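It should be emphasised that the depicted structure is a prediction, and the values quoted were computed from it without experimental measurement. Sequential numbering from 1 along the given sequence is applied to the chain's residues.
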Amino acid sequence: LRASEWYEQNGEETEAFQHAVAAKDFNHAAGLAEKYWQGMNQSFQSAAWLGWVKQLPESLIRTRPALCVQIGWASMDAGNVESSESRLRDAELCLEGRSTAMVVVDEKEIQTLPARIAFARAYNAQTRRDFSATVKYAELAIKLAPAGDQFMRAGAAAILGGSYWAKGDLDAACRSMSDWIDSSLKAGNFIFSIASESGKADILTAQGYLREALRTYEQSLRLASTYGRE
């Protein structure tokens with residue numbers, strides 16, 4: 001445990017977690033997993049993170065709604081819809097008060113879970129090509145997203161745009177892409193902004209609005225050039 005604490009203090013996430021597991025302090029290990037999820041997800045290490053949490057007792061995981069949602073997202077990223085949905089249900093049962101031993105580390109994070117659950121369900125529905133359910137849950141994610149959570153709004157808008165595009169509703173797809181651009185810029189996520197500008201231009205091209213599409217492509221290039229210099 002002392003080694004785990006030392007590694008944690010010195011920014012060695014994997015060693016901190018593994019030493020906590022070796023000491024069989026699974027509560028501490030679960031807390032570390034929750035703490036490190038965001039950073040590992042953003043650096044595309046969710047598969048490695050899933051390997052961590054598989055070492056935790058099932059009974060413990062089900063008492064931690066935030067951890068359940070994180071596992072649901074990691075499974076979503078891996079394309080494992082069934083596993084993702086199972087963990088999302090576990091989180092909902094916790095939040096509904098059916099678990100008397102619920103563990104809450106960060107109350108503010110708990111408040112974001114309904115929106116995160118809806119977002120994951122939208123993504124899973126898109127994976128199944130169930131576009132009606134995709135639209136339903138993406139709209140719910142936007143509705144439930146806490147004020148100022150532009151990252152969540154941007155992601156949900158992106159899913160909406162893709163679903164409308166797949167259904168052939170190009171006007172709605174273009175509006176959603178515009179929302180994605182706006183939310184991504186507000187969130188400071190320039191990679192998403194560049195991707196959304198390009199996606200919007202593709203839709204405008206399909207609609208026959210070629211001059212507007214050209215302006216949108218050029219804006220995407222300018223943004224990419226600026227981001228590249230930073």
Side-chain angles (χ1 to χ4, degrees), residues 7-8 11-18 20-21 26 28-56 60-62 64-92 94-95 103-127 134 137-138 140-142 144-146 148-160 162 180 183-196 227:
Y7 280 121
E8 181 182 0
E12 299 289 346
E13 293 93 345
T14 300
E15 288 80 0
F17 179 85
Q18 296 299 348
V21 169
F26 295 114
H28 183 59
L32 291 173
E34 285 190 28
K35 176 181 176 180
Y36 295 138
W37 155 250
Q38 188 68 29
M40 293 185 71
N41 180 53
Q42 290 178 347
S43 59
F44 305 102
Q45 298 181 72
S46 60
W49 183 88
L50 270 179
W52 287 12
V53 296
K54 287 178 181 178
Q55 302 174 64
L56 301 176
L60 182 146
I61 291 173
R62 288 180 175 173
R64 305 178 76 106
L67 184 60
C68 286
V69 173
Q70 290 168 348
I71 297 173
W73 272 51
S75 299
M76 169 193 81
D77 287 339
N80 192 334
V81 173
E82 184 176 344
S83 177
S84 176
E85 290 292 332
S86 176
R87 287 306 181 194
L88 298 177
R89 286 193 295 271
D90 287 338
E92 287 177 325
C94 253
L95 294 172
V103 177
V104 176
V105 176
D106 184 342
E107 189 62 42
K108 288 184 178 180
E109 182 179 8
I110 292 296
Q111 294 172 7
T112 71
L113 295 186
R116 294 183 180 278
I117 291 170
F119 180 94
R121 290 221 163 104
Y123 194 101
N124 289 336
Q126 189 177 59
T127 299
T134 302
Y137 286 114
L140 181 60
I142 292 173
L144 295 175
D149 191 344
Q150 298 299 335
F151 181 81
M152 176 67 66
R153 295 176 183 276
I159 292 176
L160 273 177
W180 185 18
S183 295
S184 296
L185 287 173
K186 288 179 179 177
N189 192 319
F190 297 108
I191 294 176
F192 273 14
S193 300
I194 293 164
S196 52
Y227 177 76

Taking all non-hydrogen atoms of both residues into account, name the closest pair between [X] and [Y] and its distance.
X      : Y      : answer
Cys68  : Arg62  : SG-CA, 4.1 Å
Ala157 : Ile142 : N-CD1, 4.2 Å
Phe119 : Ala141 : N-CB, 3.7 Å
Tyr36  : Ala16  : OH-CB, 4.2 Å
Val53  : Leu67  : CG1-CD1, 4.1 Å
Gln111 : Pro114 : O-CD, 3.6 Å

What is the distance from atom [atom1] of [X] to atom [atom2] of [Y], rounded to the nearest 0.5 Å?
X      : Y      : atom1 : atom2 : value
Asn80  : Arg87  : CG    : CZ    : 11.0 Å
Gln45  : Glu13  : CD    : CD    : 8.0 Å
Phe17  : Trp49  : CZ    : CH2   : 9.0 Å
Ile117 : Leu144 : CD1   : CG    : 9.5 Å
Ile159 : Arg121 : CD1   : CZ    : 13.5 Å
Ile71  : Ser46  : CD1   : OG    : 12.0 Å

- Show your working on side-chain contact (heavy atoms from CB on, under 4.5 Å) between Gln70 and Arg64 and close with a plain yes or no. CA-CA 10 Å; Gln70 290 168 348; Arg64 305 178 76 106; over 6 Å; no
Using a 4.5 Å cut-off on heavy atoms from C-beta on, say whether the side chain of [Y] contacts that of [X].
X     : Y     : result
Glu8  : Lys35 : yes
Leu32 : His28 : yes
Thr14 : Trp52 : yes
Asp77 : Asn41 : yes

- Please check if the distance between the ring centroids of Trp73 and Tyr123 is under 6.0 Å.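 No - the distance between ring centres of Trp73 and Tyr123 does not fall below the 6.0 Å cut-off.
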- Task: List the steps, then state whether side-chain contact (heavy atoms from CB on, under 4.5 Å) holds for Ile61 with Asp90.
- Result: CA-CA 9 Å; Ile61 291 173; Asp90 287 338; 5.9 Å; no
- Please confirm whether the backbone N or O of Gly72 pairs with a side-chain atom of Ser75, one donor and one acceptor, at under 3.5 Å?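 Checking the backbone N and O of Gly72 against the side chain of Ser75, no donor-acceptor pair under 3.5 Å is found.
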